[in-house]
Amino acid sequence: MKTFGAVVQALREHAGLSRDEFAPLVRFSKHTVASIELGRRMPDQAFVERAEEALGNTGALRRSAQHLSRQPGLAAWFRQWARLEAEAISLHTYECRLIPGLLQTEAYARTLFVNQLPPLGDDQIEAQLEARTARQRLLRARPNTSYSFILEEHLFLRRTGGTAVTLELIDHVLDLAELRNIEVQIMPQVRENHAGLHGPMRLLETPDNRWFGYSEGQESGQFISDAKVVSTLKMRYARMRSQALSLEESLSLLRRTRGAAA
């Protein structure tokens, strides 16, 4: 949005128009024009078409507007990662705090959102659920993408949301693990050596075979493109794969956990 706004401003100034002069041409107030140029407001199609006509019909605004999109329910710091995630050919996720969003059931996700602080409104909760559900479609919509998850055993023992929510969650993860492109490994509670003690991490590989990382904390997220740092994360993830239970042992543990929780 900021880039689009900067293009609008550059074309307007090139045409020798002030915001006061430009506003009547697009039939929006000068305050709305300012908000769009500063990247604070999403332009609607009417603005794009009128601005294009007023600024010479170069096609630049129509083309750039095609790349604008809202992603309600996704934190601002996560959106860059989400865009790459949607095109990745492989995605690796280690979590020690909660079940990753791609594997959550609606009931589990709703529990997280309802208990969030500061409290969310009903509309905000529904927007977050919608965004999470949209992301989860990737697992089945991209069968050629390889997904690897390493999850701490205690995430299932905590029973977030209650017993019924946990049972549904385990069944859901077991079902997903049956897909050829999804691997789920459990890191057991007792583990003398653990390469993931620095915290959760995500890694992805793009179609042009570039690797990126992502690490999330409280109210913030770090997108990692530095090749040296990404290499370190890949090394740690590879070690964790050898430290976690095998695929068969992991699914067996989940089934036993489900039986104990029922």
Side-chain angles (χ1 to χ4, degrees), residues 69-106 108-120 124-139 142 145-156 158 160-161 169 172-173 176 182-187 194-206 210-241 243-244:
S69 64
R70 291 187 187 276
Q71 290 179 288
L74 293 183
W77 60 81
F78 186 73
R79 291 172 188 169
Q80 183 179 10
W81 179 262
R83 285 194 294 270
L84 288 174
E85 183 183 68
E87 300 177 354
I89 61 174
S90 63
L91 183 71
H92 300 166
T93 302
Y94 163 65
E95 259 297 353
C96 55
R97 308 162 305 167
L98 74 169
I99 300 300
L102 287 175
L103 299 181
Q104 293 174 9
T105 61
E106 180 180 342
Y108 183 93
R110 188 178 292 277
T111 297
L112 300 180
F113 296 143
V114 167
N115 287 283
Q116 190 165 313
L117 294 173
L120 299 175
Q124 291 173 303
I125 291 173
E126 294 306 317
Q128 296 217 22
L129 283 171
E130 182 180 345
R132 185 143 302 176
T133 300
R135 283 184 58 226
Q136 290 173 345
R137 296 190 189 107
L138 293 174
L139 296 177
R142 297 184 62 81
T145 296
S146 172
Y147 296 93
S148 166
F149 298 91
I150 300 176
L151 311 176
E152 292 289 341
E153 180 183 357
H154 69 255
L155 298 180
F156 298 94
R158 184 179 294 148
T160 299
L169 176 68
H172 180 63
V173 172
L176 289 175
I182 297 177
E183 295 183 349
V184 177
Q185 289 181 262
I186 303 298
M187 185 69 76
H194 194 321
L197 298 181
H198 290 82
M201 71 169 80
R202 303 181 198 190
L203 292 159
L204 66 74
E205 183 183 8
T206 66
R210 292 185 300 160
W211 284 86
F212 296 97
Y214 179 77
S215 177
E216 190 168 279
Q218 299 230 4
E219 302 302 316
S220 65
Q222 180 185 12
F223 180 82
I224 303 166
S225 58
D226 184 285
K228 185 175 181 180
V229 178
V230 171
S231 177
T232 298
L233 295 181
K234 289 173 66 179
M235 188 185 308
R236 291 174 183 169
Y237 195 87
R239 178 64 59 85
M240 279 193 289
R241 271 184 150 173
Q243 295 170 335

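Bear in mind the structure is a predicted one, so any value in this text is a computation, not a measurement.
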- Could you walk me through whether Val173 and Phe149 pass the side-chain contact (heavy atoms from CB on, under 4.5 Å) check? CA-CA 10 Å; Val173 172; Phe149 298 91; over 6 Å; no
Side chains of [X] and [Y]: does their closest heavy-atom pair fall under 4.5 Å?
{"X": "Tyr108", "Y": "Leu103", "answer": "no"}
{"X": "Ser90", "Y": "Trp211", "answer": "yes"}
{"X": "Leu91", "Y": "Leu102", "answer": "yes"}
{"X": "Leu176", "Y": "Leu139", "answer": "yes"}
{"X": "Ser215", "Y": "Met201", "answer": "no"}
{"X": "Phe212", "Y": "Tyr214", "answer": "no"}
{"X": "Leu117", "Y": "Pro119", "answer": "yes"}

- Task: Check the surroundings of atom NE2 in His154: do more than 12 heavy atoms from other residues, nucleotides or ligands lie under 6.0 Å from it?
- Result: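 For His154, atom NE2 is crowded (more than 12 foreign heavy atoms under 6.0 Å).
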- Arg239 atom CZ: more than 12 heavy-atom contacts under 6.0 Å: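 No, because the 6.0 Å sphere around CZ of Arg239 holds 12 heavy atoms or fewer from other groups.
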- Query: Only one of Glu152, His172, Gln104 clears side chain to side chain contact (heavy atoms under 4.5 Å, CB included) with Ile99; which?
  - Reply: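 Among the candidates, only Gln104 passes.
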- Item | Shortest non-hydrogen separation from Val230 to Gly213 and the atoms involved |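 That closest heavy-atom pairing would be CG2-N, 4.0 Å.
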- Query: If every non-hydrogen atom of Ala109 is compared with every non-hydrogen atom of Arg132, which pair is closest and at what distance?
  - Reply: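 Between these two residues, the closest heavy atoms are CB-CD, 4.1 Å.
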Working to the nearest 0.5 Å, report the span between [atom1] of [X] and [atom2] of [Y].
{"X": "Arg202", "Y": "Glu216", "atom1": "CZ", "atom2": "CD", "answer": "5.5 Å"}
{"X": "Leu129", "Y": "Arg110", "atom1": "CG", "atom2": "CZ", "answer": "5.0 Å"}
{"X": "Leu98", "Y": "Thr111", "atom1": "CG", "atom2": "OG1", "answer": "11.5 Å"}
{"X": "Ile125", "Y": "Phe113", "atom1": "CD1", "atom2": "CZ", "answer": "8.5 Å"}
{"X": "His92", "Y": "Glu183", "atom1": "NE2", "atom2": "CD", "answer": "8.0 Å"}
{"X": "Arg210", "Y": "Ile89", "atom1": "CZ", "atom2": "CD1", "answer": "11.5 Å"}

- Message: Please determine whether ring pair (Phe, Tyr, Trp, His ring centres under 6.0 Å) holds for the pair His194 and Tyr94, giving the CA-CA distance in whole Å, both sets of side-chain angles, and the decisive distance to 0.1 Å.
- Response: CA-CA 12 Å; His194 194 321; Tyr94 163 65; 5.7 Å; yes
- Item | Exam field: side chain Thr105 to backbone Leu169, donor-acceptor pair closer than 3.5 Å |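 Judged by distance alone, no pair lies under 3.5 Å.
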- Can Lys234 and Leu203 be said to form a side-chain contact (heavy atoms from CB on, under 4.5 Å), step by step? CA-CA 7 Å; Lys234 289 173 66 179; Leu203 292 159; 3.9 Å; yes
- Task: Only counting residues at least two apart or in another chain, list the ones meeting side-chain hydrogen bond (donor to acceptor under 3.5 Å, both in side chains) with Thr206.
- Result: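 If we apply the side-chain hydrogen bond (donor to acceptor under 3.5 Å, both in side chains) test to Thr206, skipping adjacent residues, the hits are Asp208.
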- Query: Can you list the residues that meet the salt bridge (Lys or Arg N to Asp or Glu O under 4.0 Å) rule with Glu205, with sequence neighbours excluded?
  - Reply: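 With sequence neighbours excluded, Glu205 shows a salt bridge (Lys or Arg N to Asp or Glu O under 4.0 Å) to no residue whatsoever.
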